Each structure stands twice: as C-alpha cells, then as structure tokens.
Amino acid sequence: MSRLQTTDGLTEEQVDLLGLVKEFVDEQIIPVAQELEHADEYPQKIVDQMKEMGIFGLMIPEEFGGLGESLLTYALCVEEIARGWMPVSGIINTHFIVAYMILKHGTEEQKQHYLPKMATGEIRGAFSMSEPGLGSDVAGIKTKAVPGEGDEWTITGQKMWLTNGSTANLVAVLVKTDLGHDGAHKNMTTFLIDKTEGFGETAQGVTVPGKIEKMGYKGVDTTELILEGHKTSTGQILGGEPGKGFYQMMDGVEVGRVNVAARACGLAMRAFELGVAYAQQRETFGKKIVDHQAILFRIADMASKVEAAHQLMVKAARLKDKGERNDLEAGIAKYMAAEYCADVVGQSFRIHGGFGYSKEYEIERIYREAPMLLIGEGTAEIQKMIIGKSILKDYPVKG
Ligand SMILES: Cc1cc2nc3c(=O)[nH]c(=O)nc-3n(C[C@H](O)[C@H](O)[C@H](O)COP(=O)(O)OP(=O)(O)OC[C@H]3O[C@@H](n4cnc5c(N)ncnc54)[C@H](O)[C@@H]3O)c2cc1C
C-alpha cells in the first residue's frame, strides 16, 4: 500500500467506492489498455461496465437516479480510472461537465428530462466551446444562433475538438447570440442539442464529419461539429434564457479543471509505478539501476510531484464541495498537476532507457497521453492568467 496520494477524512462509503473502482481498474482496464490503444478502439465493454457501476451518474443527485456523490469522490474515482487508461476518464469527463451544468443552471424541465437518463448513461454528453479559429479566446467564437418566429432559433457555425463528439447524443454548445449587451460575454448562449450517435448528419443541420486522428488520447473520439441552419427552440437554451452561456460554460470548466487535475494525478501515478518497478529490476554496472543515486533521486522527485499534485487537486475539489469559489485553487491544481504529470512521465520514460521507446511498454503510450492534459480545460498560460488575476485581488495596492 503506497503512502502516496492518500486522502484524509474520507467516509467509509467513499473508501468502499474507491476500493471498488480500484479493483475494476486493476482487473478490467489495465490488462486491456495497451491493446485497445494500439487499435484506437472505443472501450465499449469498459463503458458498459461503468454504466452498471453508476459511474456516469456519480455526481447526479439521488432524486434524479444518480449516486449523489461529491466532486471530491468523483475526482478520486477519475484519478483511479486515469491510472488505468487516461482516455477512459475522458469518456466520462465531458458527460460529467454537461450533467453538472444542467444540474446547476438548467430549468426544472431540463433537469427532469436529461438527468435521469444521464445518470444511467443512456444520454451521454459532449461539451463544445472550441472552434477551428480559437480555443483559449472563447469570447471570439463565431458560431451564431439567430432568433426566428416565436421561440425558434437557427444555429450556424463550425465547432472543433469535441471529446465524445460522435459517441455522445447530447451536446452543450456555446454560440453567439446578438442580444445588444455591452461586451461579448453577455451575448453568448448555451444550447442543448440532441443528436444521434455516429458520424454524418446526426440531427437536422448537425453533422459530425469524422474522427480527428491524434498522437495519443486514443480510444475516445474527438471530432468537429458542423451546424448548418440547425433549427432549435428557446426550450433548448440551458436555463431557458439567452445571454448566460459564457458564465455557465466557465462554471463547467471550473469543475472540469479539477477533473483534468485528477486525470493528471492518475496518469502520473501509473508512470511512477512503472518507473519504480523497472528501476528495481534493470541492472547496469553490476547493480540495480535504483541503486544508482541519480535514479533514486529521480524516484524521490517523481514521488514528491505525484503527492503534491494530489493534495492540490483534493483541496480544489473540497472547496467546490463546500460551495465556495475555487477558481484560484482549480487553476493551480490543473496547472501544477498537468505540468508535474508531464515531468513525471518524462522521468519514468528515461528510467526505461531504450525500452521506453518500444510500443510493448506502457510508458510509450503514457508518454503520448500526458501532453493532452497540458491543453484541455485551458493551457498553462490560461491557468496562469486565472491564477495571477485571482491572487492579485488579495494584494490590493496600498496608499
Ligand atoms: C484532444 C483534445 C480534446 C479537446 N476536447 C475539447 C472539448 O471537448 N470541448 C472543447 O470545447 N474543446 C476541446 N479541446 C480544445 C481545447 O480546449 C483547446 O485546444 C485549448 O483551449 C487551446 O486552444 P487552441 O488549441 O485554440 O490554442 P490557442 O488558443 O490558439 O493557443 C495557442 C498557444 O498560445 C497560447 N496563448 C493563447 N492565448 C494566450 C495569451 N493571452 N497569453 C499567452 N499565451 C497565450 C496558448 O497557451 C497556446 O500555447 C480539446 C483539445 C484537444 C487537443
């Protein structure tokens, strides 16, 4: 039992649930991850098992058929799943963000309609802000919804980088709505778009052209989304009112950041485990490489980063669970966990020597997966902007 990544103050229920998830990861995910990744195959069996375990409804309240768990429990489960195979945590991440946004900002009707089916995984969510022309600068989106007769709206534009774009049947899409308010942020709206799974025309005026080929993060599909005169109604606006989309999406991204931090913690932990195991069996110059101090120091450095990232992530999750703002803490957790993960993965790769470059070794796969965490839910530069602006509020100019 490792002393790394432990969490104080968990209830017996949380400990039991995490034990179950760990067992599931060790028995059902780790043994098949390599094969599925090399084939870029969607892990359908794992997804079906996660549905049965209630993982798609982890944070959805019991009244809507979910498990009603906290963000912390969710993040700890995600950490464990990412230790097994990080893209599996990507399959639940956008679903979780969309469910959270509906719970927090949806109308009563939207909650009753979507949440029970999201809890079972029958409805699965994708989350779409990015476009070909922008990712960080969200206020610059071009996709536009124009009002028509009565409560009708028509959406046209192109979205990019939808994680679960083809496997989801619900997409929360951020669009521009010219409401005449000052500032771009108040002229944006989130629409909930129902579609079928798969590629091609998945709903009237909603096309998913194909899968984007990626260096890593395989198994989970990432797609574009073309909206060509998609007709919808005010009833499909998240919260029923236009103009609130930017703030709703930023709230979603804030919990998403804790989630990405948790994924980075899990991936770093796996890289650490692999590095330690390899260092204890490989010999050079007449001794195990772990007995060379340079390698021992690497292990110490990796362990420190694995531990620090976990504690930052736990702090950010607990603040949100207490109902407090966690923009600063989620930004710090996401930034540091993703950077530490990339560093720990790189160090484990080096410990593996030439074998780390072979596709037979897990570290080769993990090495290609870690960079995704530097990008998703905001790059390092974007996190630093959030952290910097937020922390300066505590240091007002005196005199
Ligand atoms: C595999 C994958 C899955 C994704 N899934 C989703 C998804 O499900 N939904 C979704 O909406 N998006 C998704 N994204 C998109 C992702 O959120 C964006 O790629 C990310 O926000 C960065 O945007 P960009 O790629 O346009 O880079 P840009 O914004 O063009 O940035 C390019 C570089 O400039 C830097 N930069 C930008 N602005 C500044 C600044 N003001 N100061 C200093 N440096 C700056 C950035 O940090 C970066 O290094 C996904 C991306 C990937 C790769």
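Keep in mind that the numbers below use all heavy atoms, side chains included, and drop hydrogens, waters and symmetry copies. All of these numbers come straight from a predicted model, not from anything done at the bench.
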(request) Please check if Ile81 and Tyr217 belong to a single hydrophobic cluster, counting links between Ile, Leu, Val, Met, Phe, Trp and Tyr side chain heavy atoms closer than 4.5 Å. (result) yes

(message) Under 4.0 Å between a side-chain nitrogen and a carboxylate oxygen: does that hold for Arg270 and Glu273?
(response) yes

(message) Within the supplied structure, the quantity of interest is the number of heavy atoms (other residues, nucleotides, ligands) at a distance under 6.0 Å from Lys244 NZ; does it exceed 12?
(response) no

(request) Give the ring-plane orientation class for Tyr361 versus Phe355, where under 30° counts as parallel, over 60° as perpendicular and anything between as tilted. (result) tilted

(request) Inspect the surroundings of CD in Gln49 and state if more than 12 heavy atoms from other residues, nucleotides or ligands are less than 6.0 Å away. (result) yes

(request) Let me know which of Leu267, Val345, Val306, Ile351 forms a side chain to side chain contact (heavy atoms under 4.5 Å, CB included) with Phe272. (result) Val306

(request) Name all residues meeting the side-chain hydrogen bond (donor to acceptor under 3.5 Å, both in side chains) criterion together with Thr7; count only those two or more places apart in sequence or in a different chain, and write none if there are none. (result) His310

(request) Given side-chain contact (heavy atoms from CB on, under 4.5 Å), test Val32 with Ile46 step by step and report yes or no. (result) CA-CA 10 Å; Val32 297; Ile46 293 172; 3.9 Å; yes

(message) I'd like to know if Leu179 and Leu238 are part of one continuous hydrophobic network [Ile/Leu/Val/Met/Phe/Trp/Tyr, side-chain heavy atoms within less than 4.5 Å].
(response) no

(request) Would you mind reporting whether Val25 and Ile30 have side-chain heavy atoms less than 4.5 Å apart? (result) yes

(request) For the pair Glu364 and Lys359, find out whether any cationic side-chain nitrogen is under 4.0 Å from an anionic carboxylate oxygen. (result) yes

(message) Are the side chains of Glu339 and Leu374 in contact, using a 4.5 Å heavy-atom criterion?
(response) yes

(message) Measuring from atom OH of Tyr247 to atom NE2 of His185, what distance do you get when rounded to the nearest 0.5 angstrom?
(response) 6.5 Å

(request) Would you give the length of the straight line joining atom CE of Met129 to atom CG of Asp137, rounded to the nearest 0.5 angstrom? (result) 11.0 Å

(request) For residues Glu109 and Gln112, determine if any side-chain heavy atom of one lies less than 4.5 Å from a side-chain heavy atom of the other. (result) no

(message) So that I can tick it off, tell me whether Glu381 and Lys384 are bridged by a salt bridge, with the cut-off set at under 4.0 angstrom between side-chain N and carboxylate O.
(response) no

(message) Quick check against the 3.5 Å criterion: does Asp321 have a side-chain atom that pairs as donor or acceptor with the backbone of Leu72?
(response) yes

(request) Give the cluster check for Ile299 versus Tyr367: same hydrophobic cluster or not, with ILVMFWY residues linked at side-chain heavy-atom distances below 4.5 Å. (result) yes

(request) Look only at the side chain of Gln204 and the backbone of Lys231, and say whether a donor-acceptor pair between them is shorter than 3.5 Å. (result) yes

(message) For a quick test of reading the model, state the closest non-hydrogen atom pair linking Arg124 to Ala168 and the distance between them.
(response) O-CB, 3.1 Å

(request) May I ask you to decide if Gly90's main-chain N or O and Asn164's side chain share a donor-acceptor pair within less than 3.5 Å? (result) yes

(request) Please round to the nearest 0.5 Å and tell me the distance separating atom CG of Leu192 and atom CD1 of Ile102. (result) 5.0 Å

(request) Indicate yes or no: at least one non-hydrogen side-chain atom of Gln14 is less than 4.5 angstrom from one of Leu17. (result) no

(request) State whether the number of non-hydrogen atoms from other residues, nucleotides or ligands found under 6.0 Å of Asp394 atom CG is greater than 12. (result) yes

(request) For the pair Ser390 (side chain) and Ile387 (backbone), establish whether a donor and an acceptor sit closer than 3.5 Å, ignoring hydrogens and angles. (result) no

(message) Would you say CD of Gln281 has more than 12 non-hydrogen atoms from neighbouring residues, nucleotides or ligands within 6.0 angstrom?
(response) yes

(request) For the pair Glu307 (side chain) and Ser304 (backbone), establish whether a donor and an acceptor sit closer than 3.5 Å, ignoring hydrogens and angles. (result) no

(request) Determine whether Val253 and Val173 fall in the same hydrophobic cluster, where Ile, Leu, Val, Met, Phe, Trp and Tyr are linked whenever their side-chain heavy atoms lie under 4.5 Å apart. (result) no

(message) With a 3.5 Å distance limit and no angle check, can you tell me whether Gln5 reaches the backbone of Cys265 through a side-chain donor-acceptor pair?
(response) yes

(message) I need the minimum non-hydrogen distance between Arg263 and Ala82, along with the two atoms involved.
(response) O-CB, 3.5 Å

(request) For the pair Thr94 (side chain) and Gly125 (backbone), establish whether a donor and an acceptor sit closer than 3.5 Å, ignoring hydrogens and angles. (result) yes

(message) Ignoring hydrogens, what is the shortest heavy-atom contact between Met249 and Leu174? Give both atom names and the distance.
(response) CE-N, 3.7 Å

(request) Please answer whether the main-chain N or O of Val175 pairs with a side-chain N or O of Thr189 as donor and acceptor at a distance below 3.5 Å. (result) no

(message) Return the CD to CG distance between Gln236 and Leu170, rounded to the nearest 0.5 Å.
(response) 8.5 Å

(message) Evaluate Lys218 against Arg365 for side-chain contact (heavy atoms from CB on, under 4.5 Å), listing each step before the verdict.
(response) CA-CA 10 Å; Lys218 298 197 185 251; Arg365 186 198 88 221; over 6 Å; no

(request) Would you check if the side chain of Asp151 reaches a backbone N or O of Gly235 as a donor-acceptor pair within less than 3.5 Å? (result) no

(message) Checking Asn259 against Glu377: is there a side-chain donor and acceptor pair closer than 3.5 Å?
(response) no

(message) Starting from Ile92, can I reach Leu58 by hopping between I/L/V/M/F/W/Y residues whose side chains sit under 4.5 Å apart?
(response) yes

(request) Please tell me if the side chains of Met372 and Lys214 come closer than 4.5 Å, counting only heavy atoms from C-beta onward. (result) no

(request) Measure the CD1-CD distance between Ile363 and Glu369 for me, rounded to the nearest 0.5 Å. (result) 10.0 Å

(request) Would you check if the side chain of His95 reaches a backbone N or O of Phe56 as a donor-acceptor pair within less than 3.5 Å? (result) yes

(message) Looking at every non-hydrogen atom in both residues, tell me the closest pair between Leu67 and Glu62 and how far apart they are.
(response) O-OE2, 3.7 Å

(request) Give a yes or no on this: more than 12 heavy atoms of other residues, nucleotides or ligands lie within 6.0 Å of atom CD of Glu324. (result) yes

(message) Is any side-chain heavy atom of Arg257 closer than 4.5 Å to one of Ile386?
(response) yes

(request) Can you see which heavy atom on Val206 is nearest to which on Lys195, and at what distance? (result) CG1-CD, 4.3 Å

(message) If you apply the rule side-chain contact (heavy atoms from CB on, under 4.5 Å), what do you find for His352 with Ser358, and how did you get there?
(response) CA-CA 10 Å; His352 280 75; Ser358 160; over 6 Å; no

(request) Supply the atom-to-atom distance Arg368 CZ to Met86 CE, rounded to the nearest 0.5 angstrom. (result) 11.0 Å

(message) Between the side chains of Lys142 and Glu131, is the shortest nitrogen-to-carboxylate-oxygen separation below 4.0 Å, so that they form an ion pair?
(response) no

(request) Specify the closest pair of heavy atoms between Leu115 and Ala99, including all atoms of both residues, with the distance to one decimal. (result) CD2-O, 3.8 Å

(request) Evaluate the criterion side-chain contact (heavy atoms from CB on, under 4.5 Å) for residue pair Arg83 and Ile29; output intermediate values, then yes/no. (result) CA-CA 9 Å; Arg83 187 179 65 83; Ile29 301 186; over 6 Å; no

(message) Enumerate the ring-ring contact (aromatic ring centres under 6.0 Å, His included) contacts for residues 99-156, please, sequence neighbours excluded, ordered by first and then second residue.
(response) Trp153-Phe191

(request) State whether Lys144 and Asp178 are salt-bridged, where the test is any N-O pair (Lys NZ or Arg NE/NH1/NH2 against Asp/Glu carboxylate O) under 4.0 Å. (result) yes

